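Accompanying notes for the structure given below.
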Amino acid sequence: LIEELGIAFITMHFLTPSIYYVVALGWLRSNKRSGDKTELSVDPPLVSVIIPTYNEAKAIIQKLNNVYSQDYPRDRFEVIIVDSGSTDRTVELIHEWIKGHDGINVRVIEEGARMGKMHALNTALKYAKGDIIVITDADSAWTQDSLRNAVTWLMTDGVGAVSCNKIPRTDKDVEAEYRSYYGLLRIAESRKFSSAIFHGELAAYRRDLLEKIGGFPMDVGADDSHTAGLISMLGYRAIIPENVRCIEYVPSKGYWMWRIRRAQHLIQHFLRILKYMVTNGKELPRDYRQIMLYESYLHLINPWLFVIGFVLVIISAMHGAIIPIVLILIGMVLLAIRFFRTWITTQVILVVASIRNLWNKE
Ligand code: GDD
Ligand code: MN
């Protein structure tokens, strides 16, 4: 029985995401709802770009330069930086930068103490004048047309939030591979209805909808994905279109802990959305429910099938069962393929992250 169970778990583990991938490719082909759009409406809306910072002296100057060089009328956006007691030169550097740049409205708000990114975002929201609110991490950059494209999408009927395709800057091939697979799913889901996941490198929201959901959620780690989720549950689309792109500077120090923390945040997000779906599922958009059922299964349950199946297969292989031995050999050969390595790594990270969530939610 151990042998059969092990094989069944492993098969299930690989079958479900493959099916989802095929389904997603179908969405990509059949849905033209988010083809490329680049024309900005005649009257560009006022945009507030919010940058939360905590000890970002290394990144902040490139960030400001990057925002400054966006292809969007400079008198139609403001930049609000919320710093929460950085102990490095972040704030000083920002003031120096402001002195050297004209024609752009940059405002610095200093929160006395560090109370987390979400707290900082809600503070900034009180000062923001824009009809569109764009959040961006200091350690990231946008391609030049991304702000304009994101705003254009937000002006489209039924769209409530927009995020970006990530272009990772990293020496870790694992990270790059991870992005190409997941990136395609994000675009496909966006064509169907909403992306299950949003990115802090560029997360743009309609202000009226942010107010409807009561500001940024304070109790879920993945603030970006969860805000998008709350907006989707109101019936608006939260999309990642092809022409909105961002660069993420992947940390090379502490990379694995960084991956685990992010996985923890995503797990918190999916658990919460799942709870809403169980309690008032009928009220949620059907397409969104479908996407979130798949994705929460893939993030919350599917990784466990691999880990448990793997243990069972090893046990029966040690007892000399033939199929498990063959499976393990195949697995070892497949490890030569980068995609397979990436997949397995991600599964293990998700399992570690859900266990760690039990005592440290950070
Ligand atoms: N004001 C303020 N106060 N800003 C903060 C604080 C805080 O307490 N903590 C972090 N920040 C800022 C950082 O300076 C950075 O600009 C941004 O928030 C993101 O923080 P990172 O430390 O770079 O986050 P990350 O890369 O590990 O996490 C990513 O995933 C999270 C979800 O799992 C980012 O995309 C986050 O934005 C996202 O919430
Ligand atoms: Mn970061």
Side-chain angles (χ1 to χ4, degrees), residues 13-14 16-17 52 54-56 58-59 114-119 135 137-140 163-164 166-183 185-186 195-201 203 216-229 246-275 292 294-311 335 338-362:
H13 171 82
F14 287 105
T16 329
Y54 181 74
N55 288 351
E56 296 286 3
K58 270 198 215 105
R114 184 173 190 191
M115 282 165 291
K117 179 185 166 187
M118 280 79 101
H119 188 278
I135 310 300
D137 294 346
D139 55 344
S140 72
S163 191
C164 58
K166 281 204 203 190
I167 313 165
R169 276 294 146 82
T170 171
D171 44 5
K172 299 228 166 25
D173 64 343
V174 177
E175 184 68 23
E177 189 72 45
Y178 174 79
R179 280 298 153 213
S180 61
Y181 166 76
Y182 281 80
L185 287 186
R186 298 288 82 79
S195 167
I197 292 172
F198 251 41
H199 304 307
E201 286 73 25
F216 294 96
M218 299 276 287
D219 49 352
V220 177
D223 57 287
D224 25 45
S225 300
H226 205 64
T227 306
C246 57
I247 294 156
E248 159 178 53
Y249 297 100
V250 175
S252 43
K253 207 175 65 187
Y255 173 76
W256 296 107
M257 200 54 226
W258 175 77
R259 283 284 304 269
I260 292 172
R261 265 188 46 240
R262 295 189 144 202
Q264 284 184 260
H265 293 162
L266 277 185
I267 289 168
Q268 293 164 25
H269 160 62
F270 283 115
L271 277 172
R272 188 65 65 87
I273 300 276
L274 210 54
K275 207 171 115 189
M292 292 315 268
Y294 269 118
E295 285 290 356
S296 30
Y297 174 84
L298 289 179
H299 282 83
L300 301 173
I301 298 168
N302 203 45
W304 290 93
L305 292 186
F306 171 76
V307 171
I308 296 171
F310 182 71
V311 171
L335 279 178
R338 195 162 72 173
F339 179 77
F340 189 75
R341 279 203 302 278
T342 311
W343 179 264
I344 299 299
T345 315
T346 308
Q347 304 311 304
V348 174
I349 288 176
L350 282 167
V351 167
V352 172
S354 39
I355 297 172
R356 193 165 188 270
N357 257 344
L358 295 177
W359 76 87
N360 186 342
K361 289 210 159 70
E362 245 187 291

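Note that the numbering runs from 1 along the sequence shown for the chain. Predicted, not measured: the structure shown is a model, and the values here were computed from it.
For the atom pair His269 NE2 and His299 NE2, the distance stands at 8.5 Å (nearest 0.5 Å). One finds the OH atom of Tyr182 at 12.5 Å from the NZ atom of Lys166 (value rounded to the nearest 0.5 Å). The CD1 atom of Ile247 sits 5.0 Å away from the CD1 atom of Ile167 when rounded to the nearest 0.5 Å. The distance from atom CG of Leu298 to atom CD of Gln347, rounded to the nearest 0.5 Å, is 8.5 Å. Considering OH of Tyr294 and OG1 of Thr16, their distance stands at 9.0 Å, rounded to 0.5 Å. Once rounded to the nearest 0.5 Å, the distance linking CD1 of Ile349 with CD1 of Ile267 reads 10.5 Å.
Ionic pairing of Arg262 and Glu248 is present here: one or more N-O contacts between side-chain nitrogen and carboxylate oxygen are shorter than 4.0 angstrom.
Listed here is the closest heavy atom pair of Pro217 and Met118: O-CG, 3.2 Å. Nearest heavy atom pair, residue Ala222 against residue Leu266, reads CB-N, 4.2 Å. Minimum heavy-atom separation, Ala353 to Ile260: CB-O, 3.7 Å. When all heavy atoms of Trp304 and Ser354 are compared, the closest pair comes out as CZ2-OG, 3.5 Å. Here the closest non-hydrogen pair linking Leu305 and His13 is CB-CB, 4.1 Å. Counting all heavy atoms, side chain and backbone alike, Ala196 lies closest to Glu295 at CB-CG, 3.5 Å.
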Please evaluate residues Met115 and Met218 with respect to the criterion side-chain contact (heavy atoms from CB on, under 4.5 Å), reporting the C-alpha separation (whole Å), side-chain torsions for both, the decisive distance (0.1 Å), and the verdict. CA-CA 10 Å; Met115 282 165 291; Met218 299 276 287; over 6 Å; no
side-chain contact (heavy atoms from CB on, under 4.5 Å) for Ile197 and Phe270? Distances and angles first, verdict last. CA-CA 10 Å; Ile197 292 172; Phe270 283 115; 4.1 Å; yes
Go through the steps to decide whether His265 and Arg261 satisfy the test side-chain contact (heavy atoms from CB on, under 4.5 Å), and finish with yes or no. CA-CA 6 Å; His265 293 162; Arg261 265 188 46 240; 4.2 Å; yes
Test log, rule side-chain contact (heavy atoms from CB on, under 4.5 Å), inputs His199 and Asp137: CA-CA 9 Å; His199 304 307; Asp137 294 346; over 6 Å; no
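With sequence neighbours excluded, no residue forms a salt bridge (Lys or Arg N to Asp or Glu O under 4.0 Å) with Asp139.
Between the side chain of Gln264 and the backbone N or O of Asn360, at least one donor-acceptor pair lies under 3.5 Å. For Gln268 (side chain) and Val220 (main-chain N/O), no donor-acceptor pair under 3.5 Å exists by modelled atom type. Looking at Ser225, its side chain does come within 3.5 Å of a backbone N or O of Phe198 through a donor-acceptor pair. Between the Ser296 side chain and the Leu274 main chain, no donor and acceptor come within less than 3.5 Å of each other. In terms of modelled atom types and a separation under 3.5 Å, the side chain of Arg341 and the main chain of Leu335 share a donor-acceptor contact.
Atom CZ of Phe310 sits in a sparse spot, with 12 or fewer heavy atoms from other residues, nucleotides or ligands closer than 6.0 Å.
Classification of the Trp258-Tyr255 ring pair by plane angle, with boundaries at 30° and 60°, yields tilted.
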